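Hydrogens, waters and symmetry mates play no part in the numbers below; they use all other heavy atoms, side chains included. The model shown is predicted, which means the values in this text are computed figures rather than measured ones.
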Amino acid sequence: MMELPSEFIEFFGGRDAFDNILAWDDEIFRAHKNRRTYRFVKDGKGYFVKAHRAVGWKEILKNLSSLRLPVLGAQNEVRAIKRLEALRIDTMKIVGFGKRGVPPAWLESFIITHELTRVVSLEAYCGNWRVEPPEPFLKFALVKKVARVARTLHRNGLNHRDFYLCHFFLDLSRFAMSSGVDDLKLYLIDLHRMQVRNRTPLRWVVKDVAGLLFSSMEIGLTRRDLFRFMKWYSNKPLRTILQEESLFWGRVYEQAAGLYRKHYHRPVPIHCSFP
């Protein structure tokens with residue numbers, strides 16, 4: 001099965017398009033076992049492909065024995081993108097998708113998306129904030145925007161599994177004329193591991209929010225900024241959060257702090273305690 005505009009099928013060789021998409025070896029951005037991400041240009045526009053080859057039963061059993069969920073194909077990312085679009089969370093735009101073979105072990109698939117242009121990851125954009133602090137209104141707007149995205153995901157049965165600042169991309173073309181949080185455009189990317197359910201289990205919510213906090217600890221955020229995020233994420237007054245959700249936020253903070261100490265081998269820069 002292949003859902004791809006005819007001009008892209010022709011671009012990749014007609015009847016051999018599926019094979020050629022999987023075998024393409026120019027501008028490879030990432031390669032991981034059975035999965036590759038590469039860029040190509042057609043008619044002056046850039047596109048990205050994630051190509052998934054069959055993983056085989058050995059790799060599946062290896063992941064399961066380590067209590068890890070293997071990535072088995074592009075269809076999960078397709079489903080995640082469509083779910084985010086329905087929730088009005090900005091993400092990549094799908095050009096096409098294809099799959100063949102017998103799932104789960106012998107499935108081959110791909111997804112093609114439009115390249116995001118005039119964007120920068122929040123990891124890069126905020127990376128110098130510790131040395132050159134931003135205008136307060138800008139910091140508050142970005143913290144609020146990220147909190148809203150996280151809240152929308154988790155209240156609608158989604159969790160990212162790699163929920164870090166590097167996977168948020170700020171639209172600089174919109175940002176130049178932005179006057180507030182509602183005008184900011186943030187794209188959430190790398191959705192191949194996203195889980196989609198009717199309800200997000202608590203442990204996965206904790207993992208997502210802890211990962212986000214961990215990835216923010218090096219950009220100069222303060223304890224007060226964390227409290228602002230908590231208010232916007234929970235949509236409650238801080239006093240109520242500390243009374244009703246202290247156990248949840250304590251788990252988030254301890255998990256984030258553990259990641260920070262393990263990664264940087266130094267004390268955590270944001271100090272919080274929860275009753």
Side-chain angles (χ1 to χ4, degrees), residues 29-30 89-91 116-154 159-190 205-235 237-238 241-242 245-246 248-274:
F29 278 68
R30 187 178 303 165
I89 296 175
D90 293 304
T91 186
L116 297 176
T117 59
R118 295 200 65 190
V119 296
V120 61
S121 76
L122 286 189
E123 181 182 55
Y125 184 79
C126 305
N128 203 40
W129 277 9
R130 185 184 293 276
V131 179
E132 298 180 11
E135 292 293 333
F137 82 90
L138 170 61
K139 179 169 68 171
F140 300 160
L142 284 171
V143 171
K144 188 172 186 178
K145 186 74 172 183
V146 171
R148 282 183 175 180
V149 171
R151 174 182 171 82
T152 302
L153 291 180
H154 298 151
N159 61 283
H160 191 280
R161 295 178 68 194
D162 294 303
F163 205 44
Y164 308 118
L165 287 185
C166 62
H167 292 144
F168 284 91
F169 277 70
L170 177 63
D171 186 333
L172 296 176
S173 63
R174 286 279 298 271
F175 176 72
M177 57 183 130
S178 173
S179 58
V181 66
D182 292 327
D183 296 314
L184 291 173
K185 195 177 183 71
L186 276 182
Y187 297 96
L188 182 61
I189 69 163
D190 266 20
V205 175
V206 171
K207 182 180 185 299
D208 264 9
V209 182
L212 189 59
L213 175 57
F214 157 70
S215 69
S216 305
M217 284 180 166
E218 279 291 281
I219 65 173
L221 294 186
T222 65
R223 184 169 176 264
R224 187 169 295 179
D225 294 323
L226 174 56
F227 287 156
R228 290 191 181 98
F229 177 91
M230 290 164 57
K231 289 197 303 181
W232 290 323
Y233 176 86
S234 295
N235 198 29
L238 183 60
I241 293 171
L242 294 178
E245 301 180 6
S246 60
F248 168 77
W249 288 105
R251 288 178 60 186
V252 166
Y253 178 79
E254 288 304 319
Q255 194 168 128
L259 288 170
Y260 186 91
R261 287 189 289 266
K262 181 178 179 180
H263 186 79
Y264 292 105
H265 305 288
R266 57 175 180 263
V268 179
I270 303 176
H271 300 284
C272 290
S273 60
F274 297 91

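Ser121 and Cys166 get closest at one heavy-atom pair: CB-O, 3.9 Å. Taking each heavy atom of Thr91 and Tyr187 in turn, the nearest pair found is O-CD2, 3.5 Å. Nearest heavy-atom pair, Val209 versus Val252, reported as atom, atom and distance to 0.1 Å: CG1-CG1, 3.7 Å. Across every non-hydrogen atom of Ala256 and Ala210, the tightest pair is CB-O, 3.4 Å. Residues Lys139 and Pro134 come closest through the heavy atom pair CB-CG, 3.9 Å. What you find for Ser173 and Arg118 is that their closest heavy atoms are CB-NH1, 3.7 Å.
Each of Arg148, His154, Lys144 was evaluated against Tyr233; a single residue qualifies, His154, per the side-chain hydrogen bond (donor to acceptor under 3.5 Å, both in side chains) test.
In this structure, the separation between CG on Leu226 and CD1 on Ile270 is 6.0 Å, given to the nearest 0.5 Å. To the nearest 0.5 angstrom, Asp190 atom CG is 8.0 Å from Phe169 atom CZ. Atom CG of Leu142 and atom OG of Ser216 lie 10.5 Å apart (nearest 0.5 Å). Between the CD atom of Glu254 and the SG atom of Cys272 there is a distance of 10.0 Å, given to the nearest 0.5 Å. Rounding to the nearest 0.5 Å gives a distance of 10.0 Å between CG of Leu170 and NZ of Lys145. The distance from atom CG of Leu213 to atom OH of Tyr164, rounded to the nearest 0.5 Å, is 12.0 Å.
Listed by chain and number, the residues in a side chain to side chain donor-acceptor pair (under 3.5 Å) with Lys231 amount to none (sequence neighbours excluded). Listed by chain and number, the residues in a side chain to side chain donor-acceptor pair (under 3.5 Å) with Trp249 are Glu245 (sequence neighbours excluded). Contacts of Tyr260 classified as ring-ring contact (aromatic ring centres under 6.0 Å, His included), with partners at least two apart in sequence or in another chain: Tyr264.
The closest side-chain heavy-atom distance from Asp90 to Asp171 is not below 4.5 Å. The shortest side-chain heavy-atom distance between Ile241 and Phe227 does not fall under the 4.5 Å cut-off. Looking only at side-chain heavy atoms (C-beta outward), Lys207 and Gln255 come within less than 4.5 Å of each other. Residues Phe229 and Leu221 have side chains not in contact (no heavy-atom distance under 4.5 Å, counting atoms from C-beta outward). The side-chain heavy atoms of Arg130 and Pro269, taken from C-beta on, include a pair separated by under 4.5 Å. Between Leu188 and Leu153, the closest side-chain pair of non-hydrogen atoms falls below 4.5 Å. Proximity of Met230 to Leu242: side-chain heavy atoms (C-beta onward) are separated by under 4.5 Å at one or more points.
In this pair, Phe163 and His160 present their aromatic rings tilted. The plane angle is within the 30 to 60° band.
Under the 3.5 Å distance criterion, the side-chain polar atoms of Asp208 are left unmatched by any main-chain donor or acceptor of Asp162.
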Q: Might you work through the side chain to side chain contact (heavy atoms under 4.5 Å, CB included) test for Trp232 and Phe140, ending with a clear yes or no?
A: CA-CA 10 Å; Trp232 290 323; Phe140 300 160; 4.2 Å; yes
Q) How far apart are the C-alpha atoms of Leu212 and Leu165, what are their side-chain angles, what is the distance that settles it, and do they pass the side chain to side chain contact (heavy atoms under 4.5 Å, CB included) test? A) CA-CA 6 Å; Leu212 189 59; Leu165 287 185; 4.0 Å; yes
Q. Yes or no on side chain to side chain contact (heavy atoms under 4.5 Å, CB included) for Leu122 and Ile219, after CA distance, side-chain angles and deciding distance?
A. CA-CA 10 Å; Leu122 286 189; Ile219 65 173; over 6 Å; no
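Shown here is Arg266, whose CZ atom has more than 12 heavy atoms of other residues, nucleotides or ligands within 6.0 Å.
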